[in-house]
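Here's the structure, in structure tokens; my notes come after.
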Amino acid sequence: QVQLVESGGGLVQAGGSLRLSCTASGTPFGGRAVGWFRQAPGMEREGVSCITVYGTRTSYADSVKGRFTMSRDNAKNTVYLQMNSLKPEDTATYYCATGLLEVCSDSWPNRRPGANYWGQGTQVTVST
């Protein structure tokens with residue numbers, strides 16, 4: 001059983017930065033692709049980014065390309081989401097997930113992706 005714990009959310013002004021972390025316990029991240037998702041109130045969940053097993057490929061939703069960077073450290077069982085130039089529309093609860101139901105590829109964010117294992121989420125609020 002994989003247990004995921006996100007951290008790093010908070011309140012930030014537009015244009016600011018945050019770095020989210022997600023640490024796995026129970027079963028290592030190694031051998032699994034990982035995704036970051038977000039859900040704003042009244043909105044559908046969307047795939048923000050994903051990263052392949054060894055971090056050789058990442059994929060991003062168009063809305064965050066050029067601003068967000070996903071990375072992983074398998075030795076620490078942790079994945080990261082560096083979020084720069086934050087906008088109010090980035091406000092949401094962010095979740096990391098593994099056991100992705102779709103392959104992490106360039107089209108991943110556009111395929112309404114899902115996953116088997118989810119963290120509890122961390123809130124990101126971007127003020128104007």
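Note that the structure is a prediction, hence the values are computed from the model and not measured.
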Per the side-chain contact (heavy atoms from CB on, under 4.5 Å) rule, which among Leu81, Val12, Leu11 passes with Leu18? Val12
Would you say Asn84 and Ser17 are linked by a side-chain donor-acceptor pair, where the criterion is simply a distance under 3.5 Å? yes
Kindly work out whether a path of hydrophobic side-chain contacts (I/L/V/M/F/W/Y, heavy atoms less than 4.5 Å apart) joins Trp36 to Val126. yes
So Pro113 and Cys50, do their side chains get closer than 4.5 Å, heavy atoms only? no
Ignoring hydrogens and angles, tell me if any N or O in the side chain of Arg72 forms a donor-acceptor pair with the backbone of Thr52 under 3.5 Å. yes
Donor-acceptor pair, distance only, cut-off 3.5 Å: does the side chain of Gln39 make one with the backbone of Thr93? no
Can you find a side-chain donor-acceptor pair between Thr78 and Ser21 that sits under 3.5 Å? no
Do we see a donor-acceptor contact under 3.5 Å between the side chains of Ser105 and Arg111? yes
Indicate yes or no: at least one non-hydrogen side-chain atom of Tyr60 is less than 4.5 angstrom from one of Met70. yes
Check Ile51 against Thr58 and note the closest heavy-atom contact, atom names and distance. CG1-CG2, 3.6 Å
Can you check side chain to side chain contact (heavy atoms under 4.5 Å, CB included) on Arg112 and Glu44, steps first, answer last? CA-CA 9 Å; Arg112 300 187 67 180; Glu44 289 189 356; 3.1 Å; yes
For Ala24, is there any backbone N or O sitting under 3.5 Å from a side-chain donor or acceptor partner on Gln3? no
Any heavy-atom pair between the side chains of Ser63 and Arg38 that's under 4.5 Å? yes
Hey, does Arg32 have a side-chain heavy atom less than 4.5 Å from the side chain of Val2? yes
Asp90/Lys87 salt bridge by N-O under 4.0 Å criterion: no
Ring centroids only, cut at 6.0 angstrom: are Tyr94 and Trp118 within range, meaning strictly under it? no
Is a donor from one side chain sitting under 3.5 angstrom from an acceptor on the other, for Gln13 and Ser127? no
Side chains of Leu4 and Thr23: does their closest heavy-atom pair fall under 4.5 Å? no
Show the atom names and distances, to 0.1 Å, of all donor-acceptor pairs under 3.5 Å that link a side chain in residues 97-104 to residues at least two apart or in another chain.
from	atom 1	to	atom 2	distance (Å)
Thr98	OG1	Ala33	O	2.8
Glu102	OE1	Gly114	N	3.0

State, with a plain yes or no, whether a side-chain heavy atom of Glu6 is found less than 4.5 Å away from one of Gln120. yes
So, taking the atom named OG in Ser7 and the one named CZ in Arg19, what distance separates them when rounded to the nearest 0.5 Å? 9.0 Å
Hey, quick one: are Val79 and Val48 part of the same hydrophobic cluster, counting side-chain heavy atoms closer than 4.5 Å, chains of contacts allowed? yes
Counting N and O atoms only, with roles assigned by atom type, does the side chain of Gln82 sit under 3.5 Å from a partner on the main chain of Phe68, one being a donor and the other an acceptor? no
Report yes if the side chains of Arg45 and Tyr95 come closer than 4.5 Å at any heavy-atom pair, otherwise no. no
Any non-hydrogen side-chain atom of Cys22 less than 4.5 Å from a side-chain atom of Tyr80? no
ILVMFWY cluster, Val34 and Leu20 together (side-chain gap under 4.5 Å): yes
